[in-house]
Amino acid sequence: MCPRLIALVTICGSLLCAQPVFNVKDYGALGVKSDNASAALQKAIDACGEAGGGTVYIGPGEYTTGQLNLRSGVRLYLEAGATLFASLDGSQFDPALRAALISGEDLHDIALEGRGTLDGQSSYEWHLNNFTDYYILQNQHLMEKTGKPLLRSFPHGFGDEKIYPRMVLLLRCTDVRITGLKFLRSRSWTINPYACKRLLIDGIYIYSSQKEGVWADGIDPDGCQDVRISNSVVETGDDALVFYSATIWGPALPTENVTVTNCRFSSASSAVKFCDGNSNAIRRVNLDNIVITNSNRGIAFMVFDGGIVEDIVVSNVTIECRRFDWFWWGDGDPLHFNIKRRSEIDGIKHPDEPPAGKIRNVLIQNVIAHGAGASVIQGHPASWLEGVRLDNVKLFVSSDPKAPYEQTATALVVRQARGLRMTNVEINWEKPYSSTWRNGLSLEQVNDAILDHVEVQPAPGSKSQRILLKDVENVVWAK
């Protein structure tokens with residue numbers, strides 16, 4: 001049997017799916033890390049694309065490469081034992097934002113598959129914070145009170161105009177499959193599709209340092225439609241899964257029709273985030289059978305750029321949060337809703353700034369959550385939350401004696417909300433206790449709410465109320 005036919009059987013499992021196979025070693029790739037394989041890999045991809053499509057086969061070995069540009073119809077297959085290393089030479093990548101290990105624009109029928117590994121070779125350095133980050137300014141002030149130095153992680157060479165490529169950047173592509181692979185140590189966002197349609201991500205593993213890995217998000221769909229993410233594990237420093245509707249790559253498009261199932265997420269920031277960078281809409285998203293572990297924030301709904309988040313179902317989820325270093329977003333809080341205008345955070349006047357965005361019709365059901373920080377479900381004075389429902393939710397709060405500061409006073413805060421429904425909700429306190437604890441549940445500026453079988457334990461050692469009501473109207477308490 002000829003080598004090419006053997007490759008076909010290896011990849012497909014049978015001859016029924018016969019297609020052209022382009023082995024990168026036939027184009028000069030050696031499979032040795034010290035060799036620059038960029039030219040050989042790109043020649044194989046181009047040949048496959050010019051032939052009308054097929055499989056580019058990367059067999060066992062170590063391949064160092066700069067940016068690779070996919071072609072329509074190309075299936076890039078990394079065999080088990082094959083590793084693509086992102087070159088540390090910035091000149092091997094497109095400049096600025098468009099730098100990526102694997103990139104593609106306006107393509108159709110493309111795939112990244114196999115059992116191999118893509119390694120971004122990220123590295124970090126620690127030094128004193130020398131700028132003001134308004135988005136974590138409260139954390140910075142709390143750290144300053146401790147008298148400890150404001151050390152934080154930065155990508156190696158930050159400030160020296162280094163190139164920090166994404167691992168995968170796909171713009172305006174249709175019918176995309178990413179399956180089976182490992183994505184390690186990305187120097188920026190790991191998988192970033194924009195305006196892609198019919199995108200499948202299945203059975204992958206993403207890893208970056210949860211202590212140091214700033215910018216190294218996991219999966220960031222932006223303006224994508226018909227997205228399926230399943231059977232995957234994402235452990236990252238920055239956010240693990242983020243839904244965008246932003247203007248980074250073009251007009252802000254809605255991210256919609258998304259299912260996420262059978263996944264585990266861990267993040268030093270947010271495990272799952274409906275991102276603050278939302279200028280249009282994120283809608284019709286269903287997250288089911290999700291496990292969140294070792295995260296600074298569990299599930300976050302944030303709108304800072306005037307967009308809408310609507311028609312979201314989060315079901316059958318376990319959440320385990322703790323506090324990470326001060327420079328990460330989050331406070332060990334399992335749930336976080338927040339509507340802001342960008343100028344209300346950074347104090348900068350933004351030309352043509354839109355009004356406050358909206359969050360509406362969100363169902364969170366069958367959730368068990370453990371955390372150290374307060375879960376805050378908050379709207380905006382000019383744009384209240386609408387139709388948020390918690391059904392069969394158990395929330396457990398404990399303090400974190402290893403954290404440099406403790407600020408939790410209330411386990412669950414709901415503020416500026418209309419049409420709230422809470423059914424079979426439990427709020428519990430766990431050891432170790434904190435002297436800062438006061439109330440289990442606080443409702444402030446809440447109208448037309450129904451609380452049915454809501455049980456709130458009193459905070460240990462506190463004489464404050466279990467439930468605090470302030471500026472509420474038409475709140476019905478049923479048992």
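No experiment lies behind these values; they were computed from the predicted model shown. Only this structure's heavy atoms are used, side chains among them; waters, hydrogens and symmetry mates stay out.
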Side-chain ion pair, Arg342 and Glu353, N-O less than 4.0 Å:
no
Side-chain heavy-atom pair Ile102, Leu112 within 4.5 angstrom cut-off:
yes
Between Gln457 and Asn428, does the side-chain hydrogen bond (donor to acceptor under 3.5 Å, both in side chains) criterion hold? Intermediate values first, please.
CA-CA 5 Å; Gln457 285 187 350; Asn428 304 279; 3.3 Å; yes
Classify the side-chain pair Asn439/Gln465 by whether it contains a donor and acceptor separated by less than 3.5 Å.
no
Is it the case that the side chains of His370 and Glu430 hold a donor-acceptor pair, with the cut-off being a distance below 3.5 Å and no angle test?
yes
Salt bridge Arg228-Asp202, side-chain N to carboxylate O under 4.0 Å
no
Using modelled atom types and a 3.5 Å cut-off, is there a donor and acceptor pairing between side-chain atoms of Tyr164 and backbone atoms of Phe158?
yes
Under 3.5 Å donor-acceptor, Asn296 side chain and Gly332 backbone:
yes
Can you see whether Gln365 engages Asn392 through a side-chain donor-acceptor pair at a distance of less than 3.5 angstrom?
no
To the nearest 0.5 Å, tell me how far Ser398 OG sits from Trp437 CH2.
6.0 Å
Please check if the side chain of Ser245 supplies one atom and the backbone of Asn278 the other of a donor-acceptor pair under 3.5 Å.
no
Hey, are Thr293 and Ser266 close enough side-chain-wise for a donor-acceptor pair under 3.5 Å?
yes
Of all heavy-atom pairs between Arg297 and Asp333, which one has the smallest distance, and what is that distance?
NE-OD2, 2.8 Å
Evaluate the side-chain proximity of Leu101 to Leu118: yes if any heavy-atom separation is below 4.5 Å, no if none is.
yes
Salt bridge (Lys or Arg N to Asp or Glu O under 4.0 Å) evaluation trace for Glu113 with Arg177
CA-CA 7 Å; Glu113 298 187 300; Arg177 291 176 59 89; 3.0 Å; yes
Is there a donor-acceptor contact under 3.5 Å from the side chain of Ser188 to the main chain of Arg166?
no
Nearest non-hydrogen partners of Trp249 and Leu97, listed with the distance:
CH2-O, 3.2 Å
With a 4.0 Å cut-off, would you call Asp119 and Arg185 a salt bridge?
yes
Okay, side chain of Ser343, backbone of Arg341: is any donor-acceptor separation there less than 3.5 Å?
no
Of Val456, Leu390, Val397, which is the lone residue that meets side-chain contact (heavy atoms from CB on, under 4.5 Å) with Leu412?
Leu390
Between atom CG of Leu420 and atom CD1 of Ile377, what is the distance when rounded to the nearest 0.5 Å?
7.0 Å
Taking the six-membered ring for Trp, are the ring centroids of Trp189 and Trp215 within less than 6.0 Å of each other?
no
For the pair Thr255 (side chain) and Gly223 (backbone), establish whether a donor and an acceptor sit closer than 3.5 Å, ignoring hydrogens and angles.
yes
With no hydrogens and no angle check, just 3.5 Å: does a side-chain donor-acceptor pair link Thr423 and Asp452?
no
What one should report as the nearest heavy-atom pair of Val303 and Val309 is CG2-CG2, 3.7 Å
Using a 3.5 Å distance criterion without hydrogens, assess whether the side chain of Ser267 forms a donor-acceptor pair with backbone atoms of Ser295.
no
Working to the nearest 0.5 Å, report the span between OG1 of Thr174 and CD of Gln225.
9.5 Å
Is Arg98 paired with Glu105 through a side-chain N to carboxylate O contact shorter than 4.0 Å?
yes
Is any side-chain heavy atom of Ser208 closer than 4.5 Å to a side-chain heavy atom of Ser186?
no
What distance do Glu144 atom CD and Trp326 atom CH2 have between them, rounded to the nearest 0.5 Å?
8.0 Å
Can we say Arg323 and Asp400 salt-bridge, meaning some charged N sits less than 4.0 Å from an Asp/Glu carboxylate O?
no
Tell me, yes or no, whether the heavy-atom count around Lys197 atom NZ, taken from other residues, nucleotides or ligands under 6.0 Å, exceeds 12.
no
Using a strict 4.0 Å threshold on nitrogen-to-oxygen distance, state whether Arg283 and Asp311 make a salt bridge.
no
Kindly check if the number of other-residue, nucleotide or ligand heavy atoms within 6.0 Å of CD (Gln138) is above 12?
no
Looking at Arg198 and Asp175, does any basic side-chain N land under 4.0 Å from a carboxylate oxygen?
yes
Decide side-chain hydrogen bond (donor to acceptor under 3.5 Å, both in side chains) for Asn474 and Asn447; before the verdict, give the C-alpha distance in whole Å, the side-chain angles of both, and the deciding distance to 0.1 Å.
CA-CA 6 Å; Asn474 193 26; Asn447 291 353; over 6 Å; no
Between Trp126 and Phe154, is the ring centre distance below 6.0 Å?
no
Looking at His380, is its backbone amide N or carbonyl O close enough to the side chain of Ser383 to form a donor-acceptor pair, meaning the two atoms are under 3.5 Å apart?
no
May I have the step-by-step check of salt bridge (Lys or Arg N to Asp or Glu O under 4.0 Å) for Arg284 and Glu256, ending in yes or no?
CA-CA 5 Å; Arg284 295 190 295 276; Glu256 56 191 2; 3.1 Å; yes
Look up atom OG in Ser279 and atom CG in Asp305, then write down how far apart they are to the nearest 0.5 Å.
4.5 Å
Compare all side-chain heavy atoms of Pro221 with those of Phe243 and state whether any distance is below 4.5 angstrom.
yes
Grab the two heavy atoms, one from Leu181 and one from Arg115, that are nearest each other, plus how far apart they are.
CD2-N, 4.1 Å
Exercise: do Gln378 and His336 side chains pair donor with acceptor under 3.5 Å:
no
Is any side-chain heavy atom of Val313 closer than 4.5 Å to a side-chain heavy atom of Val285?
no
Taking the side chain as every heavy atom from C-beta outward, state whether Tyr135 and Asp346 have any pair of such atoms under 4.5 Å apart.
yes
So, does Thr436 use its side chain to make a donor-acceptor pair with the main chain of Thr408 at under 3.5 Å?
yes
Write down the atom of Ala300, the atom of Ser270, and the distance for their closest heavy-atom approach.
CB-OG, 3.9 Å
Check whether any side-chain N or O of Asn129 sits under 3.5 Å from a backbone N or O of Phe131 as a donor-acceptor pair, and report yes or no.
yes
Derivation and outcome, salt bridge (Lys or Arg N to Asp or Glu O under 4.0 Å), residues Glu310 and Lys358:
CA-CA 8 Å; Glu310 62 182 353; Lys358 296 182 179 294; over 6 Å; no
If we check side chain to side chain donor-acceptor pair (under 3.5 Å) with Asn366, which of these qualifies: Asp391, Asn316, Thr318?
Asn316
If we count only N and O atoms by modelled type, under 3.5 Å, do the side chains of Gln121 and Ser123 hold a donor and an acceptor together?
no
Would a 4.5 Å heavy-atom cut-off, applied to side chains only, mark Leu451 and Val475 as touching?
yes
Any side-chain heavy-atom pair from Trp477 and Ile450 closer than 4.5 angstrom?
no
What pair of heavy atoms forms the shortest contact from Thr117 to Leu184, and how long is it?
CG2-CD1, 3.7 Å
Begin from the C-alpha positions of Gln210 and Thr236 and carry the test side-chain hydrogen bond (donor to acceptor under 3.5 Å, both in side chains) through to its verdict.
CA-CA 5 Å; Gln210 289 194 261; Thr236 53; over 6 Å; no
Straight-line distance of Lys394 NZ to Glu426 CD, nearest 0.5 Å
4.5 Å
